[in-house]
Amino acid sequence: MMELSQLRCFVAVAEELHFGRAARRLFMTQPPLSRQIQLLEHTLGVTLLTRSHRQVRLTASGESFLRDARQILAFTQQAEISARRVAAGVAGRLTLGFTAVCAYSQIPALIAQASRVLPDVEMILKEMVSAAQVQALVARTLDVAFVRQPQPLFPLEYLRVLREPLVIALPAADPLAAAPTLSLSALHRQPFIMYSPNEGKYFYDCIVSLFSQANVLPRYVQFLSQTHTILALVKAGLGMAIVPASAQSLRMEGVTFRPLPQAGAVADVYMAWRQDCDNPALAAFRNLVTAGLEPQT
């Protein structure tokens with residue numbers, strides 16, 4: 001079986017057409033260089049070079065083999081470079097999970113930044129609810145996830161990467177839409193479209209807690225899991241809702257958003273990963289995310 005060292009020796013001699021110059025180029029002496037060429041010709045069963053005291057020439061087989069040998073060595077060099085880049089985390093593949101709400105603005109902006117900073121890291125995106133993302137991390141089918149609420153499962157780690165306000169969404173034709181701000185008391189006994197206590201548990205728990213603190217009891221008309229579906233019902237005039245501020249990026253016509261001054265009316269997003277993840281691209285991606293974070297409060 002021929003070896004890469006033999007190919008390097010052959011290419012040097014074929015390009016120099018002189019054993020002495022080729023040996024100096026390879027930082028070796030001439031006898032072992034000649035031996036490598038002989039071993040290569042023996043392995044191939046053909047003569048690659050004709051030699052005389054004054055001249056070295058390529059045979060027809062040698063000229064053909066030179067083209068292939070150069071390609072093999074170039075491919076080998078590229079493979080070495082690619083392996084080092086993957087080991088350094090600047091190339092490879094990263095499987096990333098995120099919730100539907102994160103896809104409204106945060107995730108697209110993050111992926112756009114990653115494509116600029118880590119152009120050789122392929123991002124595989126998986127839209128999943130937070131609980132499913134956590135299980136996927138445990139099963140090693142995700143490298144990194146963006147979830148709403150940490151779950152204390154070893155060996156997962158979490159870092160809060162976003163805190164956004166919650167806002168009130170109401171039909172543009174509703175008389176309350178004329179007010180610059182709304183308090184929770186304005187929602188008392190009003191038709192309200194709520195997140196599902198199962199699929200939308202994080203937002204359901206947040207909103208129920210806010211209502212409890214304010215002694216407000218709205219009239220729940222629907223329980224849904226997706227923010228865009230909730231806003232569609234708001235647009236249809238079926239009621240009001242409380243959603244994360246990023247939902248405004250959907251620009252749904254016929255829906256008005258008003259700030260919610262209630263203390264604690266915020267929603268968090270956490271980046272999650274396994275402590276023992278051996279994907280080098282993960283560290284590079286985490287560094288990219290954390291570099292853009294503002295000091296947390």
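The shown structure was predicted, so the numbers you read here are calculated from the model rather than taken from an experiment.
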If you apply the rule side-chain contact (heavy atoms from CB on, under 4.5 Å), what do you find for Asp205 with Tyr195, and how did you get there? CA-CA 9 Å; Asp205 290 344; Tyr195 284 92; over 6 Å; no

Do Ile242 and Leu187 pass the side-chain contact (heavy atoms from CB on, under 4.5 Å) test, and can you show the C-alpha distance, the side-chain angles, and the key distance before you say yes or no? CA-CA 10 Å; Ile242 293 177; Leu187 278 61; 4.2 Å; yes

Assess the residue pair Arg24 and Glu16 against the criterion (salt bridge (Lys or Arg N to Asp or Glu O under 4.0 Å)); give the C-alpha distance rounded to whole Å, side-chain angles, the decisive distance to 0.1 Å, and a yes or no. CA-CA 11 Å; Arg24 289 191 294 271; Glu16 298 291 344; over 6 Å; no

Does the side-chain hydrogen bond (donor to acceptor under 3.5 Å, both in side chains) test come out yes or no for Thr59 and Ser61, once each step is laid out? CA-CA 5 Å; Thr59 66; Ser61 296; 4.6 Å; no

Determine, stepwise, if the pair Glu164 / Arg148 fulfils salt bridge (Lys or Arg N to Asp or Glu O under 4.0 Å). CA-CA 11 Å; Glu164 62 176 323; Arg148 284 293 178 180; 3.3 Å; yes

Verdict with supporting geometry, Phe98 and Val269, side-chain contact (heavy atoms from CB on, under 4.5 Å): CA-CA 10 Å; Phe98 60 96; Val269 175; over 6 Å; no

Determine whether Val121 and Arg93 satisfy the following criterion, side-chain contact (heavy atoms from CB on, under 4.5 Å), listing intermediate values before the conclusion. CA-CA 5 Å; Val121 175; Arg93 174 180 293 182; over 6 Å; no

Apply salt bridge (Lys or Arg N to Asp or Glu O under 4.0 Å) to the pair Asp278 and Arg140, showing each step before the final yes or no. CA-CA 10 Å; Asp278 58 1; Arg140 296 183 183 273; 5.3 Å; no

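Residues Gln151 and Leu156 have side chains not in contact (no heavy-atom distance under 4.5 Å, counting atoms from C-beta outward). Put simply, the side chain of Val129 does not reach to within 4.5 Å of the side chain of Thr99, judged on heavy atoms. Between Gln222 and Leu233, the closest side-chain pair of non-hydrogen atoms falls below 4.5 Å. Asn198 is not listed as a side-chain neighbour of Phe223, based on a closest heavy-atom distance of 4.5 Å or more. The side-chain heavy atoms of Phe192 and Val216, taken from C-beta on, include no pair separated by under 4.5 Å. Contact of the His18 side chain with the Arg25 side chain is not registered, since no non-hydrogen atoms from C-beta on lie closer than 4.5 Å. Annotation: side chain of Leu118 is not in contact with side chain of Leu94 (no heavy-atom distance under 4.5 Å). By the 4.5 Å heavy-atom criterion applied to side chains, Met28 and Cys9 are counted as neighbours.
Between the side chain of Arg189 and the backbone N or O of Arg219, no donor-acceptor pair lies under 3.5 Å. At least one donor-acceptor pair under 3.5 Å links the side chain of Gln6 to the backbone N or O of Glu3. Remark: side-chain polar atoms of Thr95 are not paired, donor with acceptor, to backbone N or O of Ile124 under 3.5 angstrom. Not a single donor-acceptor pair under 3.5 Å links the side chain of Tyr202 to the backbone N or O of Val147. The backbone N or O of Val208 lies less than 3.5 Å from no partner atom in the side chain of Ser212, so there is not a single donor-acceptor pair.
One finds the CG atom of Leu96 at 11.0 Å from the CE atom of Met128 (value rounded to the nearest 0.5 Å). Interatomic distance, Met240 CE to Gln190 CD, rounded to the nearest 0.5 Å: 4.5 Å. The distance from atom CD of Glu63 to atom CZ of Arg57, rounded to the nearest 0.5 Å, is 9.0 Å. Summarising the geometry, atom CG belonging to Leu110 is positioned 7.5 Å from atom CE belonging to Met123; distances are rounded to the nearest 0.5 Å. Note that NE2 of His188 is 11.0 Å distant from CZ of Phe211, once rounded to the nearest 0.5 Å. In this structure, CD1 in Ile168 is found 9.0 Å from OG1 in Thr181, a value given to the nearest 0.5 Å.
Criterion: ILVMFWY side-chain heavy atoms under 4.5 Å apart, direct or through other members. Under it, Leu282 and Leu159 are part of a common hydrophobic cluster. Under the 4.5 Å side-chain heavy-atom criterion for grouping Ile, Leu, Val, Met, Phe, Trp and Tyr, Val56 is connected to Leu44 within one hydrophobic cluster. Cluster membership for Leu288 and Tyr158, using ILVMFWY side-chain heavy atoms within less than 4.5 angstrom, is not shared. Both Leu162 and Ile107 belong to a single network of hydrophobic side chains, linked directly or stepwise wherever heavy atoms of I, L, V, M, F, W or Y lie under 4.5 Å apart. Clustering ILVMFWY residues whenever any of their side-chain heavy atoms sit less than 4.5 angstrom apart, transitively, puts Tyr204 in a cluster other than the one holding Tyr270.
Ring planes of Phe285 and Phe146: perpendicular class, angle over 60° (limits at 30 and 60°).
Applying the 6.0 Å contact sphere to CD of Gln275 captures more than 12 heavy atoms from other residues, nucleotides or ligands.
Scanning for ring pair (Phe, Tyr, Trp, His ring centres under 6.0 Å) contacts around Phe10 gives Phe65, with sequence neighbours left out. Remark: Arg51 engages Glu41 in a salt bridge (Lys or Arg N to Asp or Glu O under 4.0 Å) (not counting sequence neighbours).
Taking every heavy atom of both residues into account, Leu170 and Ala177 meet most closely at CD1-N, 3.4 Å. For the residue pair Ala267 and Leu166, the shortest heavy atom distance occurs at CB-CD2, 3.9 Å. When all heavy atoms of Pro171 and Gly237 are compared, the pair lying nearest together is CG-CA, 3.9 Å. The minimum heavy-atom distance linking Ser115 with Ala112 is given by the pair OG-O, 2.6 Å. Of all heavy-atom pairs between Leu137 and Leu142, the closest is CD2-O, 3.5 Å. Nearest heavy atom pair, residue Leu182 against residue Ala179, reads CD2-CB, 3.9 Å.
Shown are Leu250, Leu224, Ile193; of these, the side-chain contact (heavy atoms from CB on, under 4.5 Å) with Leu231 is made only by Leu250.
Side-chain contact of Gln213 with Ser209: a donor-acceptor pair under 3.5 Å is present, judged by distance alone.
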